[in-house]
Amino acid sequence: MAIEITRPGKYSLAVGTPVLPAAGTLGFGDRYKRLLDLSKLGALITNPVTLVPWNPASGARVVPLDAGFLLHTGLPNPGLKKVIRQYQNTWSRLSIPVILHLVGTSAPDMLRACARLDEVEAIAAVELGLSDDCTVADALAIIDAARSLEKPLLVRLPFFECMQLALPAADAGADALVLTAAPRGTVRDTASGRLTSGRVYGPLVKPMILRLVGRLRRQIPADVPIIGCGGIHSPQDARDYIEAGAVAVQVDAATWAQPKMLERIGRDLGGWIATRQRNALLDEWHPDMGTTEALQRRMPSEDQAESN
Amino acid sequence: MAIEITRPGKYSLAVGTPVLPAAGTLGFGDRYKRLLDLSKLGALITNPVTLVPWNPASGARVVPLDAGFLLHTGLPNPGLKKVIRQYQNTWSRLSIPVILHLVGTSAPDMLRACARLDEVEAIAAVELGLSDDCTVADALAIIDAARSLEKPLLVRLPFFECMQLALPAADAGADALVLTAAPRGTVRDTASGRLTSGRVYGPLVKPMILRLVGRLRRQIPADVPIIGCGGIHSPQDARDYIEAGAVAVQVDAATWAQPKMLERIGRDLGGWIATRQRNALLDEWHPDMGTTEALQRRMPSEDQAESN
Amino acid sequence: MKETQAYIERIRRVNREYQRLDLAVDDSLANIQAGQALLVRRIEKDYEAEVWDPYLRELWFPVEAQARSILVVEQRARQPFLPGQLLSIIGPVGSPIRLRQKLRNILLIAHDSSPAALLFMLSPLLARDVSITLVLMGAARQYEASHLPEALELIRAEDNLGWNDMVMTLGWADQIFVLGTPGEELASFAKILRLVRSRRTVLPPRFIYGMLQRQLPCGLGACHACMVNTRQGHKLQCVDGPAFDLTTLRLE
Amino acid sequence: MKETQAYIERIRRVNREYQRLDLAVDDSLANIQAGQALLVRRIEKDYEAEVWDPYLRELWFPVEAQARSILVVEQRARQPFLPGQLLSIIGPVGSPIRLRQKLRNILLIAHDSSPAALLFMLSPLLARDVSITLVLMGAARQYEASHLPEALELIRAEDNLGWNDMVMTLGWADQIFVLGTPGEELASFAKILRLVRSRRTVLPPRFIYGMLQRQLPCGLGACHACMVNTRQGHKLQCVDGPAFDLTTLRLE
Ligand SMILES: Cc1cc2nc3c(=O)[nH]c(=O)nc-3n(C[C@H](O)[C@H](O)[C@H](O)COP(=O)(O)OP(=O)(O)OC[C@H]3O[C@@H](n4cnc5c(N)ncnc54)[C@H](O)[C@@H]3O)c2cc1C
Ligand SMILES: Cc1cc2nc3c(=O)[nH]c(=O)nc-3n(C[C@H](O)[C@H](O)[C@H](O)COP(=O)(O)OP(=O)(O)OC[C@H]3O[C@@H](n4cnc5c(N)ncnc54)[C@H](O)[C@@H]3O)c2cc1C
Ligand SMILES: Cc1cc2nc3c(=O)[nH]c(=O)nc-3n(C[C@H](O)[C@H](O)[C@H](O)COP(=O)(O)O)c2cc1C
Ligand SMILES: Cc1cc2nc3c(=O)[nH]c(=O)nc-3n(C[C@H](O)[C@H](O)[C@H](O)COP(=O)(O)O)c2cc1C
Ligand code: FES
Ligand code: FES
C-alpha cells in the first residue's frame with residue numbers, strides 16, 4: 001500500500017500506513033522505541049522546531065480536565081541547527097520517512113530554515129505550524145517563504161482560524177493541509193488558582209475537527225490532501241476522519257495515555273491486522289499487552305465472576 | 001444588586017443575578033417550575049423561536065460522548081405567533097425578565113418578527129441567534145434588521161465564527177454579545193453507524209470559549225457587555241467567565257444533568273448564599289437534595305465507613 | 001415530577017445476564033405506573049464533585065414495586081453497582097400507558113431490546129387474570145427470562161420475526177405493546193406494524209402501541225430533543241409518551 | 001522502560017487516612033530504585049473500551065518492595081480500589097536518586113506533600129544503620145505516620161516551617177531530600193533552601209535535592225512538558241529527575 005499524503009507533483013510523499021504521530025507527541029524519534037513499533041506508522045513527525053532555541057514556558061504546564069487536559073509547553077527546543085546535528089543519524093536509520101515540524105515564526109526565518117532543511121537528506125518533508133494569532137496575510141507570507149523548500153510542504157492550521165486559512169494556504173502552495181492543531185483554551189490552574197492558557201486535548205475535540213475536515217474537503221482543491229488530527233483515541237476515530245475525507249490521520253495525546261494505541265491504529269489502518277479471531281496471534285491484536293500478559297496469568301475466570 | 005447586561009442607553013436590561021439559562025435549556029418557562037426556583041436566576045431565556053413553524057430534525061438527536069454529548073434537535077417550534085399566544089401569560093407572571101431567543105434566518109424575517117415582538121410587553125429583550133454558515137455580510141443584514149426592535153438586542157455568536165463576527169456585530173448595534181452558541185461537531189451515531197452532525201456539549205467546551213471571552217473582551221468596545229456561555233458546570237466555572245470579562249453567564253446542558261446546579265450557580269453569583277457552614281439552612285446550600293434527604297436518612301455514618 | 005434522591009438498597013443477581021436493584025425511593029415515586037420511568041444519575045455525597053461521564057441521566061424503567069418506597073430495576077449483570085450507592089432521580093417521567101378496561105389477552109413484543117420496560121405491568125395484570133404473551137424478537141431472543149413469572153407465555157420468534165401460532169396470538173390479543181431496536185425504533189415499529197397488519201386488517205385505535213426508549217436530555221418537555229411526529233401533531237416522548245398509538249405515529 | 005500490566009493483589013488500610021496497595025508487577029520492574037516511579041492507568045479487560053477520565057496516567061512512587069514482583073504503593077483511603085483491578089504501567093520512570101556512599105544521617109522533608117515519594121529508601125537505609133529524620137511541614141504536618149518504621153525520627157514542623165533542634169538536625173545531615181507543595185514546587189524548594197542556607201553557609205554539591213512530582217504527560221522524554229532549567233541547561237523531570245540538586249536548579 002502506498003498512500004500519497006501530499007499533492008502529486010515534483011515533490012510528493014507516499015506512506016505505507018495513513019497513521020502518523022502528531023508533532024510534539026513522540027519527540028524526535030528516539031524515545032518511544034521500546035513502547036511501540038515505529039515501522040507500523042506511516043512516518044515520524046518530529047517535535048516542533050524553531051530556527052533559534054526556545055525556552056520552556058513558565059507556570060502551569062499540565063492541567064487535568066474532565067476527559068482531557070490542558071498542556072502548555074512553550075515548545076522548548078534547542079533550535080534547528082542543533083536538532084539536525086543531534087538527530088539526523090537516528091532519522092537515517094528509521095524505516096519510515098521523517099517529517100520535520102517547523103514552527104512558522106516569520107518569512108525571513110522560514111527562508112533560512114528551508115535552506116538548511118534542504119541539505120538534510122534524512123528529512124523527507126516539512127510540516128509548517130502556524131500561530132493562532134497569525135492573520136491571513138502573515139500566513140501567506142510565511143507559506144510563501146517556506147515554499148522555497150525543495151521537499152513536500154505540509155501546513156498545519158490552527159483550530160479557530162482554519163476555515164479562513166485553508167483555501168489561501170492551499171492556493172499559496174501547501175502540498176497538504178493538516179486539520180488542525182489542538183485548540184487553545186483557558187482554564188483555572190487548580191494549584192496556583194490563576195487562569196492559564198494552553199492547548200486542550202481529549203476525545204471531545206474530535207467532533208469539532210471532524211466536522212471541519214468534512215466541510216473543508218468540499219471547499220479546497222481535490223488535489224490537496226487533508227490530514228485529520230484531533231481527539232483520535234481508537235481505530236474507529238481514525239476511520240471516521242478517513243470517511244470524512246482525510247487521506248491520513250495524526251494521533252496526538254492518546255499516545256501518552258496508551259502508547260500501543262498509536263501502533264494499534266497504525267496496524268489497523270495500515271492493513272496490518274489480518275485477523276481479529278479469538279486466539280489469533282496475541283501479539284498482533286493485543287499488542288498493548290507487552291510481555292506481561294497478567295490477564296492470562298491471574299484474572300479471576302469469567303465463570304467465577306459470574307457466580308458471585 | 002442590579003447588573004446591566006446590555007449596553008446602557010435607550011433600551012437596557014438589568015438583572016438581579018448574573019446567571020441565565022441558555023436558550024433551549026428550560027423551554028418556555030413552564031417546565032422547570034418544580035425542579036428549580038426561577039426567581040434565583042437573572043432572567044429566563046426561551047427556547048429558540050422562528051418566524052414560521054419549524055419541524056424537528058430527523059435521524060439521531062442525542063449521541064453520548066466522553067464527558068459530553070451531541071445534540072441535534074432541528075430547533076422545532078410552532079413559530080413566533082403561536083409561541084407568543086401560548087406563553088405570554090406565563091411570562092407575565094414570572095418574577096424575572098423574559099428574553100426571547102429569535103433564530104436569525106433572514107433580514108425580512110427579522111423585520112416582521114421584531115414588529116410583532118415590540119407589541120409583547122411580557123418580553124423584556126430579544127436574543128438573536130446567528131447561523132454557523134452565515135457570512136459577515138449576512139450577519140450584518142440580519143442584525144441591522146433586528147435593530148428595528150424597540151427593546152434591548154442581545155446577539156449570540158456561533159463558536160467558530162465569533163472572532164470574525166464580534167466586532168462587526170457590536171458596531172452594527174448589538175446591545176450585548178453572547179459568546180458562544182454550542183460548537184457544531186460531527187460524530188458517528190453508534191445506533192445507525194452513520195456520521196451525524198449537531199452541537200457538542202460538555203465541560204471540555206469551556207476552556208475554548210473562556211479563552212474567546214478573554215480575548216474578545218480586550219477587542220470590542222467596553223460599553224458592549226459580554227455574556228459567557230459554554231461548558232459551565234459549577235459556580236467556579238461561572239466565576240471564571242466573570243473573571244475573564246463576562247458580565248453574566250448562561251448555563252446550558254448542565255441543567256439537564258443536575259437541574260439544581262443552575263439554581264445553585266444563580267444563588268452563588270447572585271449573592272444568595274449567606275453561609276456555607278455545616279448545619280446551616282439545608283435548603284439553602286444543598287438545594288439539590290429536594291425533600292428526600294436520603295443522605296441523612298440512611299447513609300452509613302462517616303465513622304462506620306472509616307473503620308472498614 | 002420532582003428531583004429526589006434514592007439509594008440502592010439491595011442487589012440480586014437474577015440470572016447469568018441480569019441483576020435487579022432494589023431502590024429505596026422518595027414517596028413522590030410511590031404511585032409510579034407502568035410506562036413511566038426514572039431519569040437516574042449516580043451521585044457522591046458532594047453533589048458538585050461530579051464525574052461527567054456518562055453525562056446525561058439514564059432512563060430506567062422500573063420492573064416491579066415492592067414496599068411503598070421500593071422500586072426494582074433490572075440492569076445488565078456486568079454493570080458495577082454497590083449497595084448504598086446514592087442516586088439522583090428525576091421522575092416519574094412520561095405518562096402511564098393506557099390499558100383497556102376489559103383486557104383479557106395482552107401481547108408484549110420486544111424487538112432487539114430488553115423487555116424491561118414492559119415488565120412493570122406484569123404483576124398487576126396477572127393479579128387481574130389477564131393472560132400475557134411476551135414475544136422476544138431479533139436480538140431479544142437471547143434475553144434470559146428464567147426469572148420472569150411462570151404464568152407468562154414466553155415466545156422466542158424465529159429469524160424472520162415470525163413464530164408458530166403467530167396468527168392465533170395476533171388474533172386473540174386485545175392490546176399490543178412493542179419495544180423497538182435501540183436507535184432505530186421507528187423503523188422497528190414499522191416492521192412490526194406491517195407484520196400485524198398482514199394478519200389483522202382492521203387495527204382499532206388504542207390497540208397497538210410502540211414504546212419509545214430514547215435517551216432524554218431533559219425529561220420534562222423543555223429541550224424538545226425527544227419530539228415525534230403524529231397525525232395529531234408533534235408530541236414529546238418524555239411528556240406524552242413513551243407509548244404512542246402506532247396507527248397515528250408517523251413512522252417514516 | 002516498558003509498558004506492562006499489573007494488578008492489585010492486596011489492599012490494606014494502614015491508618016485512618018491511607019491504604020497500601022500491593023501490586024503484582026512485571027519482572028522488568030523488579031529492580032526499581034528509590035526516586036523512580038510508575039505511570040499508572042487503570043484498565044479493563046478490553047483495552048480499547050477505556051474511560052478517559054482521568055485522562056493522563058497517574059504518577060505512583062512505590063513505598064516498599066516485598067517479593068521480587070510485588071511493589072507497594074500508598075494511596076488515600078478514600079480512593080476506591082478493588083483487589084484484582086488491572087493496571088497498565090509505564091516504568092520505571094526517572095533516574096534513581098544518588099545517595100552518598102558514606103551516608104550516616106539523612107534528612108527528608110515533605111512540605112505540603114505526602115512523604116510517599118521518600119519512603120522507598122527507608123528500609124534499605126535502616127538496614128545500613130543510617131539514621132533518618134523525616135520533617136513534615138505545612139499541610140504535611142497532618143500526615144498520619146503511625147505505620148512508618150519506629151526507627152525513623154519524625155518531626156512535625158511549626159507554623160513558620162521551623163522546628164526545635166532545627167539547627168542541630170540541619171548540621172548533622174549528610175544529605176537532604178525535599179518534596180514541595182504540589183503545583184508550587186519550585187517556590188517551595190526556594191523557601192526550604194533559604195531556611196537551610198540560613199543555618200549552613202556552604203552547601204556542597206549533591207547535598208540537598210528537590211524531588212519533583214509533577215504530572216507527566218509522556219514520562220519518557222518526548223513531550224518536553226516536564227522541562228526544568230538548571231545551571232547545566234534544560235533537564236527533564238521524567239528522564240533526568242525527579243531529584244535535582246537545589247543548588248543548580250533555577251528556582252525563579
Ligand atoms: C431552508 C433550510 C432548511 C433546513 N432544514 C433542515 C431540516 O429539516 N433538518 C435538519 O436537520 N437541518 C435542516 N437545515 C439545516 C442544514 O442541514 C444545516 O445547514 C446543516 O445541518 C448544518 O450542519 P453542519 O454545519 O454541521 O454541516 P456539516 O457538518 O457539513 O454536515 C452536513 C451533513 O452532512 C453530513 N456529514 C458531514 N460530514 C460528513 C462526512 N464526512 N461524511 C458523510 N456525511 C457527512 C452530516 O451528517 C450532516 O447531516 C435546513 C437549512 C436550511 C437553510
Ligand atoms: C516573541 C514572543 C515570545 C514569546 N514568549 C513566550 C514565553 O516565553 N512563554 C510563553 O508561554 N509564551 C510566549 N509567547 C507566546 C504568547 O504568550 C502567546 O501569544 C500567548 O500565550 C497566546 O496565548 P493565547 O492565544 O491563548 O492568548 P490568551 O488566551 O489571550 O492568553 C494570554 C495570557 O493571558 C492570560 N489570560 C487569558 N485570559 C485571561 C483572563 N480572562 N484573566 C486573566 N488572565 C487571562 C492567560 O493566562 C495567558 O497567559 C511568546 C510570543 C512571542 C511573539
Ligand atoms: C510567533 C511566536 C513566538 C513565540 N515565541 C516564544 C518564545 O520566545 N519562547 C517561548 O517559550 N515560546 C514562544 N512561543 C510559543 C508559545 O508560547 C506557545 O507556547 C506555542 O505557540 C505553543 O503552545 P503550546 O505549548 O501550548 O502548544 C512563540 C509562539 C509564537 C507563535
Ligand atoms: C437558516 C436556517 C434554516 C433552517 N431551516 C430549518 C428548517 O426548515 N427545518 C428544520 O428543522 N431546521 C432548520 N434549521 C435548523 C438547523 O437544522 C439546525 O438544527 C439548527 O441550526 C440548530 O441545530 P441544533 O438542533 O443542532 O442546535 C435551520 C437553520 C438555519 C440556520
Ligand atoms: S427530553 Fe427534553 S423535551 Fe423530552
Ligand atoms: S513527561 Fe514528557 S518529556 Fe517528561
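First the proteins, then the strands, lettered A, B, ... as listed; each starts at 1.
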Asker: Would you call A/Arg215 and B/Asp133 a salt bridge, taking side-chain N to carboxylate O under 4.0 Å as the test?
Answerer: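 Salt bridge flag = yes for B/Asp133 with A/Arg215.
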Asker: For A/Met208, which atoms come within 4.5 Å of any heavy atom of chain B: side chain, backbone, both, or neither?
Answerer: both
Asker: Is A/Leu204 in contact with chain B via its backbone, its side chain, both, or neither, using a 4.5 Å heavy-atom distance?
Answerer: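 Answer is both: backbone and side chain atoms of A/Leu204 are under 4.5 Å from chain B.
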Asker: Non-hydrogen atoms of chain A under 4.5 Å away: do they reach the side chain of B/Leu212, the backbone, both or neither?
Answerer: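 Looking at B/Leu212, just its side chain touches chain A.
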Asker: Answer yes or no: is there an ion pair linking B/Arg267 with B/Glu263, defined by an N-O contact shorter than 4.0 Å?
Answerer: yes
Asker: Is any side-chain heavy atom of B/Leu216 closer than 4.5 Å to one of B/Leu177?
Answerer: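 No, every pair of side-chain atoms sits at 4.5 Å or beyond.
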Asker: What is the minimum heavy-atom distance between B/Thr186 and A/Arg211, and which atoms define it?
Answerer: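 Of all heavy-atom pairs spanning B/Thr186 and A/Arg211, the closest is OG1-CB, 3.2 Å.
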Asker: Output the option from A/Met163, A/Lys206, A/Gln164 having the highest count of non-hydrogen pairs under 4.5 Å with chain B.
Answerer: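 Sorted descending by pairs with chain B, the first entry is A/Gln164.
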